[in-house]
Amino acid sequence: MSINNFLEAFIKRESLFKNKAALQSSYIPEEIPHREEQMTLIAKVLAPCLRMERPSNLFIYGKTGSGKTLTVQNTIKQIELIAKREQIPVKFIYINCKLKKVADTEYRLIAEITRFFGREIPPTGLPTDEVYKIFYRTIERENQIIILILDEIDQLVKKVGDEIIYNLTRINTELKNSKLGIIGISNDVMFADNLDPRVKSSLSEEELVFPSYNAIQIQDILKKRSSESIKEGVMEEGVIAKCAAYAAREHGDARRALELLRVAVELAERKTLQHVTLKELDEAEDKIEKDRVLDMVVAQPRQFQLILYTIILISEKSKTESLFTGDVYDLYKTLCGKTNLRPLTQRRVSDVIGEFDISGIINARVISKGRYGRTREIKLVTGEHITAKIKTLLENIFNA
DNA sequence: CGAGATTCATGTGAAGTATACCTTTAGGCTTAA
DNA sequence: AAGCCTAAAGGTATACTTCACATGAATCTCGTA
């Protein structure tokens with residue numbers, strides 16, 4: 001079939017979607033099922049800002065895909081609406097702390113916040129307290145309430161310590177015109193326990209836990225969203241139930257379930273099918289995982305990619321045996337010679353492996369082999385054919 | 001045989017270095033009066 | 001003389017290196033039964 005034919009056919013064929021946007025992760029639905037309680041609490045905590053009072057800081061936990069971000073955003077949207085109508089100067093700033101090169105250090109976080117007020121901050125070069133001063137001045141220019149939402153705050157604190165949060169909460173004492181409230185969102189339930197008690201008490205003046213969804217609730221969510229976004233009768237019997245079951249298996253991650261559904265329909269559409277069957281669902285699960293990992297790999301710096309490549313090579317050779325930092329480093333060094341890359345030190349490589357572990361591409365555990373020293377035991381966590389995909393991808397990068 | 005010492009390979013923290021980028025300042029040149 | 005541009009000076013954050021010490025269980029050592 002020529003491309004032209006394909007495109008013609010594509011236009012004539014009816015889409016299986018009614019409103020695809022409703023399945024995308026950026027979509028904020030009008031209603032969030034099973035989260036009424038949490039929404040009211042957030043609203044109660046934040047409400048004082050409509051009277052120009054500083055709301056209590058709020059700390060939220062819950063596993064990924066339990067609706068934390070969505071619920072917060074929805075509540076904010078409503079408050080913003082009222083604030084706008086009543087001309088109350090409330091400003092919400094949402095920042096995801098996980099994003100590399102955006103908000104993963106103290107400097108970058110403050111710089112990023114300040115950027116929300118239209119003030120450009122150079123990527124490096126200024127002293128950090130200078131950036132703080134710019135931040136003060138910018139928000140003090142006008143009388144306003146600022147609510148700062150720090151998503152995945154655990155990642156940030158894990159990397160640079162809890163002093164930032166302390167500084168941020170303390171800013172209020174120095175502000176005259178404006179007021180700052182903080183909402184921290186964390187996936188890690190244990191996170192708060194490792195905080196400095198002072199920081200902890202000031203951050204979690206109010207606390208809120210999002211329980212994971214169970215299978216029935218997920219199914220509920222899926223039904224609701226799919227009726228909004230997908231045409232009637234497209235989903236074959238049992239597909240949604242299966243989709244919910246997949247998600248429930250993963251501690252009730254609703255985001256994942258919705259993505260699964262979307263991709264499954266997309267796949268069916270691409271195959272010019274009229275219905276989505278369980279087969280597409282399985283393929284979708286595979287595709288999502290593959291895309292997620294591959295995107296992550298592509299985004300890594302060269303050195304990181306080469307280290308990952310080494311790990312894949314070694315784990316291929318010795319399928320069952322565990323592999324250790326030393327082996328990786330040796331092979332990595334020789335590969336560096338071939339690729340014309342200056343090898344990093346073992347110290348650094350050790351850190352890189354640690355970072356891979358955090359990002360979830362590999363699994364690295366520090367073990368002691370007794371008489372034979374101490375090292376990290378490294379395992380790939382991706383499935384075999386995905387690993388193969390990564391490998392060819394990396395080979396292309398290094399041959400080019 | 002078992003408790004304690006030893007050992008190995010690398011984890012990990014602190015301090016130092018290179019690089020890239022920022023602001024300030026001091027010329028040096030141009031321009032207008 | 002005032003204004004503007006440029007380059008050097010002095011400063012910072014970040015990624016990485018260097019140095020030095022910490023770790024923890026398998027193995028070894030040696031005293032004891």
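Chain identifiers are assigned alphabetically (A, B, ...) following the order of the sequence lines, protein sequences preceding nucleic acid strands; residue numbering begins at 1 within each chain. Model, not experiment: these values are computed from the prediction.
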Just to confirm, is there a sub-4.0 Å distance from OP1 or OP2 of dG11(B) to any side-chain nitrogen or oxygen of S350(A)?
-> yes
Measure centre to centre between the rings of F59(A) and Y61(A), then say whether the value is under 6.0 Å.
-> yes
Proximity to the side chain of T325(A) - top-ranked nucleotide from dT10(B), dT17(C), dG13(B) | dT10(B)
If the plane angle is over 60° it's perpendicular, under 30° parallel, otherwise tilted; pick one for Y309(A) and F398(A).
-> tilted
Between Y329(A) and Y332(A), what is the ring plane arrangement, given parallel below 30°, perpendicular above 60°, and tilted in between?
-> tilted
Length of the [atom1]-[atom2] vector between [X] and [N], whole Å:
X	N	atom1	atom2	result
I110(A)	dC22(B)	CD1	P	19 Å
D327(A)	dC8(B)	CG	C1'	15 Å
F324(A)	dT23(C)	CZ	P	22 Å
I358(A)	dG11(B)	CD1	P	14 Å
R347(A)	dA22(C)	CZ	P	15 Å

Is the NZ or CZ atom of R198(A) both under 6.0 Å from the centre of the six-membered ring of Y166(A) and within 45° of that ring's axis?
-> yes
Is K91(A) positioned over the aromatic face of F117(A), cation under 6.0 angstrom from the ring centre and no more than 45 degrees off axis?
-> yes
Using a 4.0 Å heavy-atom cut-off across all strands, classify P301(A) as base, sugar-phosphate, or nothing.
-> nothing
I216(A) backbone acceptor or donor facing D220(A) side chain under 3.5 Å | no
Does any donor atom in the side chain of T387(A) or E384(A) lie under 3.5 Å from an acceptor atom in the other side chain?
-> no
Compute whether any side-chain donor of one residue and acceptor of the other, for N187(A) and E152(A), lie under 3.5 angstrom apart.
-> yes
The correct set of residues in residues 368-381 of chain A placing a heavy atom under 4.0 Å from DNA chain B is G370(A), R371(A), Y372(A), G373(A), R374(A), T375(A), R376(A)
Does a salt bridge link K77(A) with E80(A), judged by any charged N lying under 4.0 Å from a carboxylate O?
-> no
Show each protein N/O and nucleotides 13-15 of chain C N/O combination with a separation under 3.5 Å, one pair to a line.
residue	atom	partner	partner atom	Å
dA13(C)	OP1	T128(A)	N	3.0
dA13(C)	OP1	T128(A)	OG1	2.6
dA13(C)	O4'	T124(A)	OG1	3.3
dT14(C)	OP1	T105(A)	OG1	2.6

